[in-house]
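Report on the following structure.
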Amino acid sequence: QVQLVESGGGLVQPGGSLRLSCAASGSIFSIYDMGWYRQAPGKQRELVARIFSSGISNYADSVKGRFTISRDNAKNTVYLQMNSLKPEDTAVYYCNAYWRFEYWGQGTQVTVSS
């Protein structure tokens with residue numbers, strides 16, 4: 001069982017930056033593949049970025065070069081650094097953990113607007 005708590009969302013102007021954090025508890029964090037997903041109003045949830053237990057990461061084409069996912073296994077935390085934010089990045093962002101089972105956080109709102 002894994003509990004995930006996201007933080008760091010908020011309102012930011014286009015071109016700005018935010019860093020999301022996801023703190024995990026309840027299991028051995030380092031074995032989990034971690035991901036960030038987002039869901040905009042009226043749209044399906046989509047993968048934004050993923051970092052595997054090996055440290056390898058991948059990104060959705062829409063965020064490549066702007067977002068960076070990282071993890072700190074000592075702190076049981078995964079991060080999503082978001083730069084050059086665009087209005088189309090507005091969504092609820094969810095943290096995801098996977099190892100045998102899948103777990104989700106409660107989500108954090110990111111709004112990009114002037």
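All figures in this text were calculated on a predicted structure; none of them were measured in a lab. Residue numbers start at 1 and run along the sequence shown.
Between Leu80 and Val48 the shortest heavy-atom distance is CD2-CG1, 4.2 Å. Shown here for Ser114 and Pro14, the closest heavy-atom pair between the two residues is N-CD, 3.7 Å. Summarising the geometry of Tyr32 relative to Ala97, their closest heavy-atom pair is CD2-CB, 3.9 Å, with the distance given to 0.1 Å. Annotation for Phe52 and Arg50: closest pair CZ-NE, 3.5 Å, computed over non-hydrogen atoms. Heavy-atom minimum distance, Ser21 versus Trp36: O-CH2, 3.6 Å. In this structure, Leu4 and Val2 approach most closely via the heavy-atom pair CD2-CG1, 3.6 Å.
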Pair Leu20-Val110, side-chain contact (heavy atoms from CB on, under 4.5 Å): steps then yes or no
CA-CA 9 Å; Leu20 305 183; Val110 172; 4.0 Å; yes

Starting from the C-alpha separation in whole Å, work towards a yes-or-no answer on side-chain contact (heavy atoms from CB on, under 4.5 Å) for Met82 and Thr68.
CA-CA 7 Å; Met82 305 186 294; Thr68 302; over 6 Å; no

Under the criterion side-chain contact (heavy atoms from CB on, under 4.5 Å), I'd like the reasoning laid out for Leu11 against Ser113: C-alpha separation, chi angles, the key distance, then a yes or no.
CA-CA 7 Å; Leu11 173 64; Ser113 175; 4.2 Å; yes

Given side-chain contact (heavy atoms from CB on, under 4.5 Å), test Asn96 with Glu102 step by step and report yes or no.
CA-CA 7 Å; Asn96 172 274; Glu102 191 169 44; 3.1 Å; yes

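Residue pairs meeting the disulfide (SG to SG under 2.5 Å) criterion with at least one member in residues 24-66: none, sequence neighbours excluded. Contacts classified as side-chain hydrogen bond (donor to acceptor under 3.5 Å, both in side chains) and involving residues 73-82 (residues at least two apart or in different chains) are given here: Arg71-Asn73, Gln81-Asn83.
Under 4.0 Å is where a charged nitrogen must lie from a carboxylate oxygen, and between Lys64 and Asp61 at least one such pair does.
For the pair Glu6 (side chain) and Cys22 (backbone), a donor-acceptor distance under 3.5 Å is absent. Remark: the backbone N or O of Thr111 is not paired with any side-chain donor or acceptor of Thr90 at under 3.5 angstrom.
The shortest distance between side-chain heavy atoms of Asp89 and Arg66 falls below 4.5 Å. Using a 4.5 Å heavy-atom threshold, the side chains of Val78 and Ile69 count as touching. For the pair Ile51 and Ile56, the minimum side-chain heavy-atom distance is 4.5 Å or more.
With a 6.0 Å radius and a threshold of 12 heavy atoms from other residues, nucleotides or ligands, Gln44 has its CD atom at or below the threshold. Atom CG of Leu47 has more than 12 neighbouring heavy atoms from other residues, nucleotides or ligands inside a 6.0 Å radius.
Side chains of Tyr93 and Arg38: a donor-acceptor N/O pair is present below 3.5 angstrom, by distance only.
Under the 6.0 Å cut-off for aromatic ring centres, Tyr37 and Trp104 qualify, their centroids lying closer than that.
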